[in-house]
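Below: one structure, written as structure tokens.
We use all heavy atoms of the structure for the numbers below, so side chains are in, but hydrogens, waters and symmetry mates are not.
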Amino acid sequence: MCGIVGLVGTSAAHQRLYDALTVLQHRGQDAAGIATCGESGLCVRKASGLVRDVFQQQHMLGLRGNIGIGHVRYPTAGCDSASEAQPFYVNSPYGICLAHNGNLTNAAELAEVLSREDRRHLNTASDSEVLLNVLASELQRIGTPRVAPADVFAALEAVYRRCRGGFAAVVMIIGHGVVGFRDPNGIRPLVLGQRDTPRGPEWMLASESVALDILSFRLVRDVAPGEAVLIDAAGRLHSHQCAAVTRHAPCIFEYVYFARPDSKIDHISVYRARMRMGDRLAEKILRERPNHDIDVVIPIPETSCTSALQLAQRLGLKYREGFIKNRYIGRTFIMPGQDQRQRSVRSKLNAIDLEFRGKNVLLIDDSIVRGTTSAQIIELAREAGARKVYFASAAPPVRFPNVYGIDMPAAHELVANGRTIDEVARLIGADWLVYQDLEDLIAACRHEDSSIQVFDTSCFSGEYITGDVTPEYLERLQRERSDEAKQRSRDGRGPLKLVHGG
């Protein structure tokens, strides 16, 4: 999972791109990059690290131009080096930069065709570079000194015919403008915003609406599934439906964990969705344990706080912030290895013992993925003096790999895979464990102002919305992207495989 942003402005773009990436930092903490273009040509700065560390004053001054794109990266196996930081660039045709969020499920096949038939060389193991070169190859076929919007859309129609999976991308074509496009199922998010200035309109594309908000852009709409939008260098907006929509099915894990609560995705407020998750979970607790002995509800900060507060209110229980978070530690779920995730938990959270001592506490988390973080948090609660520790997940059991850009590649690494709820409870050390039902999660994410009826729930249900995910593909994914594969890659003990970099 990564964060992307594109801007066509009437003044220097670099500071606004930086600010947008800062509020999208939760989507990726491994690397960051910005590419701009102006009269002096292309300017790029990208490196491993957080946004605040990658861009110093001298770098910002070098990012000249009113047009640009940016990216924050969340890594998987093979994506450990600064060379795979985005945006990626190819100089032909026209000069094209791309920033990508998601995963191409047919990246390996595309890479082979690009080499054999398109005669294009790939410098990295990232499927984002594959996507860039597919687009470049299709634009190359046009063969004109400049491309009109219709030419760009024709090239993207071919990209959609060739590429499968879940993806959203922003592309800067030097001298022409910025393009944004989204996969035909709308799995990965992309929003369009606009702001009026005395010098004309400015346009912005971003993974989440919060990036528009902090820069005073008005949310115009979500980019539709299979749609491409082009903002040309003069600030004119062009759009075209490049691929037929099969089923609009945004990733439900965006609402559970990834997106900020102050964002809206596909007309659905993430904050209100999480409130409804708390309501639904409370109702399930009342059904299963009407005579519960819970004394206090404590969230695992920060993603679960909204659900936990709503749950506590519905149950008529005290809500307390029993864990204090060190905000300078990254999100543990998106850290690149199990050892690093484990080491970070105790440095990330500290328990306030007076909220635990002698009490039966209900801990609320947004989800349980590998289970090791949950186990350590329960241990912290017991060390702080809790009499009993109950645990609730605002999401259903995560039992299946995610193939659309979220780092859940290996089924055997998922604590709920092949285990009953009671077995998971014993493994993480909870006195009682309750999960949200999938039907309730879907109902919580639906809203009367949204037309969304279907979500990608593959990590919960094992149903892959694109219809091209086979057992053989999942087996290969596990070999190439599991924690063991990441460690082998870092140690130089295994071949570098094609992986997603978005």
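With sequence neighbours left out, the side chain to side chain contact (heavy atoms under 4.5 Å, CB included) criterion links Glu383 to Arg346, Glu379, Leu380. Here Lys318 pairs with nothing under the salt bridge (charged side-chain N to carboxylate O under 4.0 Å, His left out) rule; sequence neighbours left out. With sequence neighbours left out, the side chain to side chain contact (heavy atoms under 4.5 Å, CB included) criterion links Ser263 to Glu208, Ser209, Val210, Arg260, Val270. With sequence neighbours left out, the ring-ring contact (aromatic ring centres under 6.0 Å, His included) criterion links Tyr255 to Phe455. The salt bridge (charged side-chain N to carboxylate O under 4.0 Å, His left out) check on Arg382 picks up Asp431, with sequence neighbours excluded. Shown here are the side chain to side chain contact (heavy atoms under 4.5 Å, CB included) partners of Val54, two or more places apart in sequence or in another chain: Ala32, Arg45, Ala47. Looking at residues two or more places apart in sequence or on another chain, you find a side chain to side chain contact (heavy atoms under 4.5 Å, CB included) between Glu227 and Arg221, Val223, Ala224, Val229, Ser239, Gln241. Applying the salt bridge (charged side-chain N to carboxylate O under 4.0 Å, His left out) rule to Asp222 yields no partners; only residues at least two apart in sequence or on another chain are considered. In terms of the ring-ring contact (aromatic ring centres under 6.0 Å, His included) criterion, residue partners of Phe356 (sequence neighbours excluded) are, by chain and number, Phe323.
Every pair passing salt bridge (Lys or Arg N to Asp or Glu O under 4.0 Å) that includes a residue from residues 305-314 is listed here, sequence neighbours excluded: Asp279-Arg314, Glu283-Arg314. Residue pairs satisfying the salt bridge (Lys or Arg N to Asp or Glu O under 4.0 Å) criterion with at least one member in residues 350-360, sequence neighbours excluded, are listed as follows: Arg320-Glu355, Asp353-Arg357, Glu355-Lys359. Sequence neighbours left out, not one pair with a member in residues 378-400 passes ring pair (Phe, Tyr, Trp, His ring centres under 6.0 Å).
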